[in-house]
Amino acid sequence: MSTEEYEEAFDVFLKEAGFAGRLNTESLEVEAELFFNYFKSNMQNAVNSNRRDRFTAPLGKMPYVHFDLIDDLSFNALAGVDRYGNEFIGVNHGAVLLLLDIFNRILARNDLKKEIGSPEEEENPDPIPFLSTTYATIQAQYNHYEYSQIVIPKDPIRADHATLLAEFALQFLVDHEIAHLRYGHVHYKKFKTGCSFFLEFDVKAESDFLPLTNKTLEWFSDRWATIQGIGRIGQLIKNPDYFTTIRHQYDPPDSGPFLNWAFSVYILFRLMGAVRGNYQQNPNSGYPLPVERFTLAVAQASVIVDMEFSLDWKTFQKAVHSFVNEAENSLFLISNSVSDTNELVVFLKGIMAKHDVGIRDGLFIAGCRDHWNAVVKPELLPFTRATDISNID
């Protein structure tokens, strides 16, 4: 199939499932078209890399997966397969705009991320009234305050850094969806329930799966996304050609990239928490709480940092609380958003305390590890496309 045929098939798949259609970037203004096409190309390359890696090549079951954008200004993402077997990953273009807006606003303030570039050039734009979960609200705020243009940091280095933080968060989101296809979650769900997609937020789908099964698969996908993210950060640290205009800004230079990755992913999950609140999803449903998902991602990251890159575990551990506070302070200054971090801190301390006795035992919430080993993993094996499924647990 050609790219155009995949685009048409994706549009049909979305509309048959009751979603907004595919975003036609050709209908946008030139700058927006170039930006979204660049983003799509980068994400498609990331998706394509899973077809023939050392864990998927032996099975030869990982097909071409088409990445595209959904014409929806709210925050959401999905992985799915249509009736003809075509596979897709889609992200609402509103999710891209929301994350860019958040990080642009953070770096456009002279009192945040002061170690990056020349913060004295920034002018502190007016905050928005709350942390929005749809870009339509941001557009309305622009109209209300008569902004002449979107908020972008004036210092080019800080603008680049805002884009990089948004890329960290968006790549995590896309990697999470890749995992649902790479390890057969979507086909497993279709076999068990008839539903042919995983949607990041979908109240109607909460009864499709046993809640514990759904939680286990979501945490599994977060773990794989974390492994991919930390791997890319490792490249940034080890390869002097990566992000040359930004890498020297990190302090400390060895753990700074990890902390900025964690900062961006924390804000991603805070945004997810706001979306979840709008959906009023039941905390006991099959969708894990964002605070739990984030803490497990950090725990997984800490294992990789400690084992693969020989960074100091205690330094990383102490920094967790500081970047959480930094992120919360940033969100408060740009959007008046406040979150109680006590639950997060207690949860993190509980996981981190297990480091010396085997932190991997803390990487699943109670009940999920047994359910994974006894039920989910054996049932997934016929559907998985990668031989490293056991490595993720």
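From a predicted model like this one, the values you see are computed outputs, not experimental measurements. Numbering of residues begins at 1 and proceeds along the displayed sequence.
Counting only distance, with no hydrogens or angles, the side chain of D155 and the backbone of S118 share a donor-acceptor pair below 3.5 Å. Distance alone, capped at 3.5 Å, places no donor-acceptor pair between the T384 side chain and the L381 backbone. Using a distance-only test at 3.5 Å, with no hydrogens or angles considered, a donor-acceptor pair links the side chain of T56 to the main chain of R51. Using a distance-only test at 3.5 Å, with no hydrogens or angles considered, no donor-acceptor pair links the side chain of S335 to the main chain of F332. Under a 3.5 Å cut-off, the side chain of T193 and the backbone N or O of K190 do not form any donor-acceptor pair. No donor-acceptor pair closer than 3.5 Å links the side chain of T137 to the backbone N or O of T133. Distance alone, capped at 3.5 Å, is enough to place a donor-acceptor pair between the Q44 side chain and the F67 backbone. In this structure, T216 contributes its side chain and L212 its backbone to a donor-acceptor pair below 3.5 Å. In terms of modelled atom types and a separation under 3.5 Å, the side chain of S221 and the main chain of A179 share no donor-acceptor contact. Looking only at distances, a side-chain donor or acceptor of T387 sits under 3.5 Å from a matching main-chain atom of F55.
Among R109, R158, K154, the one residue that satisfies the salt bridge (Lys or Arg N to Asp or Glu O under 4.0 Å) test with E122 is R158. If you run ring-ring contact (aromatic ring centres under 6.0 Å, His included) between F88 and each of F19, F197, F10, only F10 comes through.
The 12-atom threshold is not exceeded at CD of E26, counting heavy atoms of other residues, nucleotides or ligands nearer than 6.0 Å. By the 6.0 Å contact criterion, NZ on K61 is enclosed, its count of non-hydrogen atoms from other residues, nucleotides or ligands being greater than 12.
When ring centroids are compared, F13 and Y84 stay outside the 6.0 Å threshold. Taking the centre of each ring, H180 and F198 come in below the 6.0 Å mark. H161 has its ring centre no less than 6.0 Å from the ring centre of F103.
Counting only heavy atoms from C-beta outward, the side chains of N92 and L78 never approach each other to under 4.5 Å. Residues I334 and I128 form no side-chain contact, since every pair of their non-hydrogen atoms from C-beta on lies 4.5 Å or further apart.
For the salt bridge (Lys or Arg N to Asp or Glu O under 4.0 Å) condition, the pairs that include at least one residue of residues 70-84, sequence neighbours left out, are E16-R83. Every pair passing salt bridge (Lys or Arg N to Asp or Glu O under 4.0 Å) that includes a residue from residues 36-47 is listed here, sequence neighbours excluded: K40-D68.
Applying the under-4.5 Å side-chain rule to Ile, Leu, Val, Met, Phe, Trp and Tyr, the cluster around L34 extends to V30.
Residues meeting the side-chain hydrogen bond (donor to acceptor under 3.5 Å, both in side chains) test with S337, sequence neighbours left out: R270. Remark: Y188 engages E379 in a side-chain hydrogen bond (donor to acceptor under 3.5 Å, both in side chains) (not counting sequence neighbours). With sequence neighbours excluded, the residues that form a salt bridge (charged side-chain N to carboxylate O under 4.0 Å, His left out) with E7 are R22. Evaluation of the salt bridge (charged side-chain N to carboxylate O under 4.0 Å, His left out) rule for D11 yields K15 as partners, not counting sequence neighbours. Here L97 pairs with F36, L73, H93, Y135 under the side chain to side chain contact (heavy atoms under 4.5 Å, CB included) rule; sequence neighbours left out. The side-chain hydrogen bond (donor to acceptor under 3.5 Å, both in side chains) test applied to E5 returns S2, not counting sequence neighbours. The salt bridge (charged side-chain N to carboxylate O under 4.0 Å, His left out) check on E121 picks up nothing, with sequence neighbours excluded. With sequence neighbours left out, Q171 forms a side-chain hydrogen bond (donor to acceptor under 3.5 Å, both in side chains) with D175. Listed by chain and residue number, nothing satisfies the salt bridge (charged side-chain N to carboxylate O under 4.0 Å, His left out) test with R52 (two or more places apart in sequence, or in another chain).
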- Residues K113, N260; criterion side chain to side chain donor-acceptor pair (under 3.5 Å); working and verdict: CA-CA 10 Å; K113 289 288 181 187; N260 276 268; 3.0 Å; yes
- Message: D53 vs R385, test: salt bridge (Lys or Arg N to Asp or Glu O under 4.0 Å). Steps then yes/no.
- Response: CA-CA 11 Å; D53 66 32; R385 284 84 176 272; over 6 Å; no
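Under the 30°/60° scheme for interplanar angles, the aromatic rings of H66 and Y64 are found to be tilted. The aromatic rings of Y183 and W224 sit perpendicular to each other, their planes meeting at more than 60°, with 30° as the lower class boundary. Using cut-offs of 30° and 60° for the angle between ring planes, the F383 and F191 rings count as tilted.
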